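Scroll down for the structure; my scribbles are underneath it.
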Amino acid sequence: MVPLIARSFISCLLYNLSIFRGICAYKRQQRAFLLNYHRIVQSPDSEGFFVQPGMYVSPFTFRLHLSFLKRHFQVLPLQDLVARIETKSSISGCCAITFDDGWVDNYFLAYPMLQQFEMPATIFLATGFIGTDRLFWPDEVAYHLKHMEFSQLANFSAILKILPSHILRSSLSDKQLDQVITTLKAYSPEERREFLIRLRSRCGISFNRRMMMNWNEIKEMVSSGLVRVGSHSHEHVFLDQVSLEEANKEVALSRREIEQRLGVSPTMFAYPNGNLAGGIGPVLKRNGFKAAVTTRKAWFNGRVNKYKIPRIGMHEDVSRTVPMFFARILLDRL
């Protein structure tokens with residue numbers, strides 16, 4: 001991983017030397033790319049609890065992105081881009097904007113800017129969280145750990161398996177919280193569930209703020225014709241950690257929920273956490289999905305596997321300036 005200062009310097013140097021123009025002219029020949037966002041957040045501090053660095057861009061940065069894309073690329077709805085692949089039409093210089101999960105800031109902050117720039121986007125919904133006050137497990141873990149007192153942390157055996165006791169402070173640093181979440185992603189669903197049960201019993205603090213959109217907000221965006229929706233499973237289950245039977249239930253339930261709530265049949269799917277399961281392609285096909293997107297960073301051509309379409313993840317610390325944004329799009333290592 002290139003340090004942020006070095007990334008910013010390299011990006012500015014290559015941008016000012018016009019090297020990016022040559023790279024872009026080459027890469028856009030019969031190639032396209034997808035951008036992957038999660039949240040639009042004023043600042044992590046304004047949220048009142050830990051926000052993972054890879055989960056957000058600021059409104060200023062998102063507006064900068066949209067302005068740049070409008071000048072340099074053809075932004076299409078994801079479904080239209082997939083249709084071009086199916087019909088072997090040109091995808092040169094095309095891109096699509098996607099969001100994962102269904103955060104409420106997608107409606108209040110991202111949607112007005114999409115309207116202003118007349119930019120289409122696809123939002124992949126984790127349907128079991130829409131219209132509820134539930135938190136995704138990484139956010140619940142971070143919220144509880146951030147509010148635990150030092151004595152609770154130091155005696156919490158489940159944390160000591162991840163973080164040695166000698167590095168614990170009065171509260172966990174953001175870096176340590178990120179480390180805990182990354183470690184827990186490798187746990188089985190049962191192990192994570194057990195961790196959360198222990199955490200809730202020790203913390204005893206409830207979270208009472210709505211983080212996800214409701215169905216009326218999503219219906220308004222869909223009715224505009226600018227925003228389309230896809231499935232991100234029902235419970236945001238990592239599909240490679242469950243059986244194909246359970247994966248099929250997740251996929252089918254999410255599709256049915258979207259159809260019943262919005263009156264549209266989703267044809268695009270996003271793998272939660274980007275985790276692909278062996279044999280998941282036929283499961284998606286049976287449930288009416290024509291394509292699926294990953295979190296692998298790359299451009300793609302018309303021969304791409306439609307159930308393994310890569311996306312370029314966008315977050316604040318790697319894309320907050322035009323040179324950094326351009327570098328993030330063009331270069332594999334930045």
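It should be emphasised that the depicted structure is a prediction, and the values quoted were computed from it without experimental measurement.
For Phe117 and Phe62, the ring centers are positioned 6.0 Å apart or more. Aromatic rings of Phe73 and Phe33 (six-membered ring for Trp) have centroids within the 6.0 Å cut-off, being under it.
Ring geometry, Phe136 versus Trp103: the interplanar angle falls from 30° to 60°, so the pair is classed tilted. The aromatic rings of Phe326 and Phe20 lie perpendicular to each other, with more than 60° between the two planes, well past the 30° mark.
Between Arg320 and Glu316 there is no salt bridge, since no side-chain nitrogen of the basic residue lies less than 4.0 Å from a carboxylate oxygen of the acidic one. Ion pair Glu140/Arg200 flagged as a salt bridge, since at least one NZ, NE, NH1 or NH2 atom sits closer than 4.0 Å to an Asp/Glu carboxylate oxygen. Between Arg328 and Asp317 there is no salt bridge, since none of the side-chain N atoms of the basic residue sits less than 4.0 Å from a carboxylate O of the acidic one. For the pair Glu194 and Lys161, the salt-bridge criterion is not met [side-chain N within less than 4.0 Å of a carboxylate O].
A cation-pi arrangement is present between Arg134 and Phe129 under the rule of less than 6.0 angstrom and at most 45 degrees off the ring axis. Both the sub-6.0 Å distance and the 45° axial angle are not jointly satisfied by Arg31 relative to the ring of Phe300. At least one test fails for Arg255 against the ring of Phe269: distance under 6.0 Å to the centre or angle within 45° of the axis.
No side-chain donor-acceptor contact under 3.5 Å links Asn273 to the backbone of Asn275. A donor-acceptor distance shorter than 3.5 angstrom exists from the side chain of Asn155 to the backbone of Ser151, with no hydrogens or angles considered. With hydrogens and angles ignored, the 3.5 Å screen pairs no side-chain donor or acceptor of Ser67 with any backbone N or O of Leu64.
Under the rule for a side-chain contact (heavy atoms from CB on, under 4.5 Å), the partners of Ser18 that lie at least two apart in sequence or sit in another chain are Arg21.
Within the 4.5 Å cutoff, side-chain heavy atoms of Phe195 are placed close to those of Phe156.
From Leu35, atom CG reaches atom CD1 of Ile312 across 6.0 Å, with rounding to the nearest 0.5 Å.
In the hydrophobic clustering of this structure, Val237 does not group with Val293; members are Ile, Leu, Val, Met, Phe, Trp, Tyr whose side-chain heavy atoms approach within less than 4.5 Å, directly or through other members.
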